[in-house]
Amino acid sequence: MSLQEFNLDYFSLKGKTAIITGGNTGLGQAYTIALAKAGANVFVVTHGTNWEETKELLSGAEGSSEFYQADLSDREQIKKVVPACVGKFGTVDILVNNAGTIRRNPLLEYKDEDWDDVMALNLDAVYFLSQAAAKVMAEKRSGKIINIASMLSFQGGKFIPPYTSSKHAVAGLTKSFANELAEHNIQVNAIAPGYFATKNTAPIRSDEKRNAEILSRIPAGYWADPSDLMGTVVYLASKASDYMNGHVLAVDGGWLAR
Ligand code: NAD
């Protein structure tokens, strides 16, 4: 690209198709709306069928949408996601691996099934979906995979051993996929959100002491809103980020800089 060629169309997703897992709630809903407003068709993979609010928020967006129910802790169901998106929109250009879960308990009491459930969704689903999407993207030599990491991709935390382990692994998987897929013109990056006000973080926000501790450590001084991630996901999904690969991008109000 010459310097003169650059314009804001480099951020446009017009004509692209994006899969967003868990795209009907919390941060995932913000990614869905942002990508659709930037022009992409969105294939929203959800655990349940509470689609109404997101459908309403999507009205007026440039891209069209399809909602698809799947339990992503089930490998058989994971395998059907990419073919279902290709069946609807003909292809997949962007995959946002957003669905995730967290279970809090002291380590010495941590239950085996909590470990298994968190790892299945936060790590296994990311691997299997990314591999399936990458096969379609490699074929056409173009694609973007955006994983959702966390501050717990860098730090240890407490009471959440599989969450921390899975989010560290998501950072590793991002780099490993990026290295192999770059030659196919597929860029793989991750967003590491800081502290956002969603259902996931409701228990710590309602704990007065913990809430105050967290707020005092965030240079920006407030819990972020899901909309604070909309520009980032569009950037990572667009041509504007074509030379960015294997990066874990923190959007954290300065948390990691402390
Ligand atoms: P959320 O609970 O609103 O979103 C989780 C999504 O995953 C939901 O849409 C849920 O339906 C879906 N999901 C759960 N189990 C599923 C299953 N078995 N199959 C398919 N989908 C399933 O919480 P959120 O805060 O929006 O979290 C979204 C992502 O962002 C997660 O990966 C989370 O770890 C990450 N994250 C959140 C924060 C934060 O501050 N909220 C910070 C860092 C990272």
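Just so it is clear, the structure is predicted and the values come from calculations on it, not from any experiment. Indexing begins at 1, ligand by ligand and atom by atom, following the structure's order.
Proximity to Thr201 (heavy-atom distance under 4.0 Å) selects the following atoms of ligand 1: 39 (C), 40 (O), 41 (N). Listed by number with element, the atoms of ligand 1 under 4.0 angstrom from any heavy atom of Gly26 are 3 (O), 26 (O). Ligand 1 places these atoms under 4.0 Å from at least one heavy atom of Gly22: 9 (O). Every atom of ligand 1 is numbered from 1 in the order shown, and the set under 4.0 Å from a heavy atom of Asp71 is 17 (C), 18 (N), 19 (N). Remark: ligand 1 atoms within the under-4.0 Å shell around heavy atoms of Pro193 are 42 (C), 43 (C), 44 (C). Every atom of ligand 1 with a heavy atom of Ala70 under 4.0 Å away is listed here by number and element: 19 (N), 20 (C). Below 4.0 Å from some heavy atom of Ile148 lie the following atoms of ligand 1, by number and element: 30 (O), 35 (C). Near Leu72, meaning under 4.0 Å from one of its heavy atoms, ligand 1 places the atoms 17 (C), 18 (N), 19 (N), 20 (C).
In this structure, atom 11 (O) of ligand 1 lies nearest to the protein heavy atom His47 CB, 3.5 Å. When only non-hydrogen protein atoms are considered, atom 3 (O) of ligand 1 lies nearest to Thr25 OG1, 3.0 Å. At the shortest separation from atom 42 (C) of ligand 1 among protein heavy atoms lies Gly194 O, 3.2 Å. Looking from atom 23 (O) of ligand 1 to the surrounding protein, the closest heavy atom is Asn200 ND2, 3.1 Å. The protein heavy atom nearest to atom 40 (O) of ligand 1 is Phe196 N, 2.8 Å. If you check which protein heavy atom lies closest to atom 41 (N) of ligand 1, you get Thr198 OG1, 2.9 Å. For atom 15 (N) of ligand 1, the closest non-hydrogen atom on the protein side is Leu121 CD2, 3.3 Å. Nearest non-hydrogen protein atom to atom 2 (O) of ligand 1 is Lys199 CE, 3.9 Å.
Residues that satisfy the side-chain hydrogen bond (donor to acceptor under 3.5 Å, both in side chains) test with Thr101, not counting sequence neighbours, are absent from this structure. In terms of the ring pair (Phe, Tyr, Trp, His ring centres under 6.0 Å) criterion, residue partners of Tyr195 (sequence neighbours excluded) are, by chain and number, Trp223, Trp255.
Ala149 counts as a contact of ligand 1, since one of its heavy atoms falls under 4.0 Å from the ligand.
A donor-acceptor distance shorter than 3.5 angstrom exists from the side chain of Lys144 to the backbone of Ser238, with no hydrogens or angles considered. When atom types are taken as modelled, the side chain of Gln69 and the backbone of His47 share a donor-acceptor pair closer than 3.5 angstrom. Between the Lys167 side chain and the Phe154 main chain, no donor and acceptor come within less than 3.5 Å of each other. Using modelled atom types, no side-chain atom of Asn105 and backbone atom of Glu109 make a donor-acceptor pair closer than 3.5 Å.
When all heavy atoms are compared, the tightest approach of Met119 to Pro162 is SD-O, 3.5 Å. The minimum heavy-atom distance between Ala134 and Ile145, with the atom names listed, is CB-CD1, 4.4 Å. Asn185 approaches Arg141 most closely through the heavy-atom pair ND2-O, 3.0 Å. In terms of heavy-atom proximity, Leu58 sits nearest to Phe67 at CD1-CZ, 3.9 Å.
Of the listed residues (Leu236, Leu173, Ile191), just one forms a side-chain contact (heavy atoms from CB on, under 4.5 Å) with Asn147, and that residue is Leu173.
Between Leu27, Thr101, Ile191, it is Leu27 that holds the heavy atom closest to atom 38 (C) of ligand 1. In this structure, of Ala99, Ser73, Gly100, the residue bringing a heavy atom nearest to atom 5 (C) of ligand 1 is Gly100.
For ligand 1, one of its N or O atoms has an N or O atom of Asn98 under 3.5 Å away. Close N/O approach between Tyr163 and ligand 1 is found [any backbone or side-chain N/O within under 3.5 Å].
The environment of Gln155 atom CD is dense: over 12 non-hydrogen atoms of other residues, nucleotides or ligands sit within 6.0 angstrom.
Contact annotation: the side chain of Glu5 approaches that of Ser2 to within less than 4.5 Å [non-hydrogen atoms, C-beta and beyond].
Proximity of Lys167 to ligand 1, defined as any heavy-atom pair under 4.0 Å, is confined to the side chain (atoms from C-beta onward).
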